[in-house]
Colleague: 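Take a look at this one; I'll ask things after.
Labels below follow one simple rule: chain letters A, B, ... track the order of the sequence lines, proteins then strands, and each chain is numbered from 1. Just so it is clear, the model here is predicted, and its values are computed rather than measured.
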2 protein chains.
Amino acid sequence: MNETNVALSIQDSPFARKLLAFVRLSDADLAIMSDLYRRRRRFAVGVDMIHQGQTDQCAYVLASGWACSYKLLPGGGRQIVDIQIPGDFLGLRSILFRTSDHNVEPITPVQASEVRQRDLIAAFSQTPRLATAVLWAASRDEAMVVEHLVDLGRRTATERTAHFLLELGARLRLVGLGDRKGFLCPLSQYRLADTLGLSAVHVNRVLRELREEGLVTFQKGRVVFDDFDALVEMSGFDRAYLDHEGPLLI
Amino acid sequence: MNETNVALSIQDSPFARKLLAFVRLSDADLAIMSDLYRRRRRFAVGVDMIHQGQTDQCAYVLASGWACSYKLLPGGGRQIVDIQIPGDFLGLRSILFRTSDHNVEPITPVQASEVRQRDLIAAFSQTPRLATAVLWAASRDEAMVVEHLVDLGRRTATERTAHFLLELGARLRLVGLGDRKGFLCPLSQYRLADTLGLSAVHVNRVLRELREEGLVTFQKGRVVFDDFDALVEMSGFDRAYLDHEGPLLI
DNA sequence: CGCAACTCCTAACCCAGATCAGTTTTCCGC
DNA sequence: GCGGAAAACTGATCTGGGTTAGGAGTTGCG
């Protein structure tokens, strides 16, 4: 396979597509990227991909399946920080830091490409443009964490749940896994509770309310936006922070 | 001034010192960094440094004073996402994204160096090592936001307040603005409330409890750790996420 | 096939923290 | 040193969401 073919095939991965939405990458850049990508691995539900407190962890680019990163508390509780969907880069902090500060757990069976620290840093010196692209991707992830933080700090349980489902929908649409109508969602109400900082019981109540008011229906692994506009309105959702406005750098 | 002198003087800035704790940067790298740094600006309390929704914003490296980044909600409430202290890079997302997704407000009078988007990206292509360093700094900031998120999602008001004060103390110590005994803190209880996702009234109650139990005293702009170890214990503070373990890359 | 483990769902009760409605103290400019 | 405005502080009351304690499908696996 020559370089152009590699570049063409990598271009179709959800991760590359996301980066290309921001930075123009040359075929050479893409070829370097595809090298990072080589090692494909599979993970079953129930076995964490990344472990808090351990050193020499890898990062991954999710090819298929869902995962979530979370932190455990001394008391036994946990907080899910982010849900990862195909195309997401996960565990960046676990390779930049000596020891990982969080866990990553598959929610469904997962296929992912392993990214090693030295390969990533070597790639940066070959093509600084890739470094900028990765920095952008990391910043976009941070923007989502920030919005999640606002959810927990200043929105009611109902607003928060609505906002979260809208964000997830917007992200999935970007990689072709959903539309304005809704999306398939393998999250249990327990995981949703750990994400939203609520109890599972209350998540159940809130979902019922949202359903009865004709806003969203989340049942049987499927989220359906019954009244998209009303949902956006009540949750104060503003997708600006997802920065979907096309490539910034020439 | 020749290149070596520039490099020597920049090495003493809190920002450079923070990066040097992680990546070894050559004199040439430092010289490139000092170029980014050239434009020094001052900001008075009451005038935001960065505005949500506006384009062509700058980023800044804080030289002196405190600032905070926050998001406003449609309902009029706000959530403070992060407190910035000297040495912190602020507004990275406001230059990587077309429009800023957050505001930054000075808490005290501030001196800061302006960093422009094209200068930053140009610097990356001159020295990829700087790109890695900035990516690390951004990841460390994200780690703090993540811990803040855990605060809001899964800790009680008391744990949360204690945890926040400990983190702030650890960060200030790193730039020489505090010690294990305590630090000077210009935050009002209102701002603390917007940071911790609480009402100002409740912040006041919590601070009183913490004081009466001999854990921390926050009065007259000064935080004093009365019983550091007990405070760490009750809040579940683990400074691993601040990644203070010395340079990772050769 | 049958038991175990999950997940979803519900009702009753309770409490951490919000809200309301102030008073007092501190700070700062004139 | 005085007036005005933040900031700090308080008590009383109310409520969103937690906790406890179930039951009723569903999936999977030995």
Colleague: Using whole Å, what does the distance between atom P of nucleotide dA8(D) and atom CZ of F218(B) come to?
Modeller: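 About 7 Å, once rounded to whole Å.
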
Colleague: In this structure, how many angstroms lie between the P atom of dT10(D) and the CG atom of L207(B), rounded?
Modeller: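 Value for this atom pair: 11 Å.
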
Colleague: Which letters describe nucleotides 13-30 of chain C, given B = protein heavy atom under 4.0 Å from base, S = only from sugar-phosphate, - = neither?
Modeller: ----BBBB-----S----

Colleague: Write down the distance between CD1 (I107(A)) and P (dC6(C)), rounded to a whole number of angstrom.
Modeller: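 From I107(A) CD1 to dC6(C) P: 16 Å.
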
Colleague: Quick check: F89(A) with Y60(A) (ring centres under 6.0 Å apart)?
Modeller: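 That pair fails the under 6.0 Å test.
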
Colleague: How close or far is atom P of dT10(C) from atom CD of E209(A), stated in whole angstroms?
Modeller: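 Between P of dT10(C) and CD of E209(A): 11 Å.
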
Colleague: Atom CZ of R208(B) to atom P of dG11(D): distance rounded to whole Å?
Modeller: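 Going from R208(B) (CZ) to dG11(D) (P), I get 6 Å.
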
Colleague: Could you tell me whether the side chain of R160(B) and the main chain of R155(B) form a donor-acceptor pair under 3.5 Å?
Modeller: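 At least one qualifying donor-acceptor pair exists.
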
Colleague: For side-chain contact (heavy atoms from CB on, under 4.5 Å), just list the numbers for I85(A) and D88(A), CA-CA rounded to whole Å, side-chain angles, deciding distance to a tenth of an Å, and then say yes or no.
Modeller: CA-CA 6 Å; I85(A) 58 172; D88(A) 283 355; 3.6 Å; yes

Colleague: Are Q189(A) and dC6(C) close enough that a side-chain N or O sits under 4.0 Å from OP1 or OP2?
Modeller: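 For dC6(C), neither OP1 nor OP2 has a side-chain N or O of Q189(A) closer than 4.0 Å.
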
Colleague: Can you tell if the side chain of L90(B) reaches within under 4.5 Å of the side chain of I50(B), non-hydrogen atoms only?
Modeller: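 Result yes, sub-4.5 Å side-chain heavy-atom pair found.
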
Colleague: State whether a side-chain donor-acceptor pair under 3.5 Å links T217(B) with D226(B).
Modeller: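 Yes, side-chain donor-acceptor contact under 3.5 Å.
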
Colleague: Tell me whether the side-chain N/O atoms of N204(A) come closer than 4.0 Å to OP1 or OP2 in dC8(C).
Modeller: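 For dC8(C), neither OP1 nor OP2 has a side-chain N or O of N204(A) closer than 4.0 Å.
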
Colleague: Taking the side chain as C-beta and beyond, is there a heavy-atom pair between R17(B) and F15(B) under 4.5 Å?
Modeller: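 Not touching, per the 4.5 Å side-chain cut-off.
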
Colleague: Using atom CG of L187(B) as one end and atom C1' of dA6(D) as the other, report the distance to the nearest whole Å.
Modeller: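 After rounding, the gap between these two atoms is 15 Å.
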
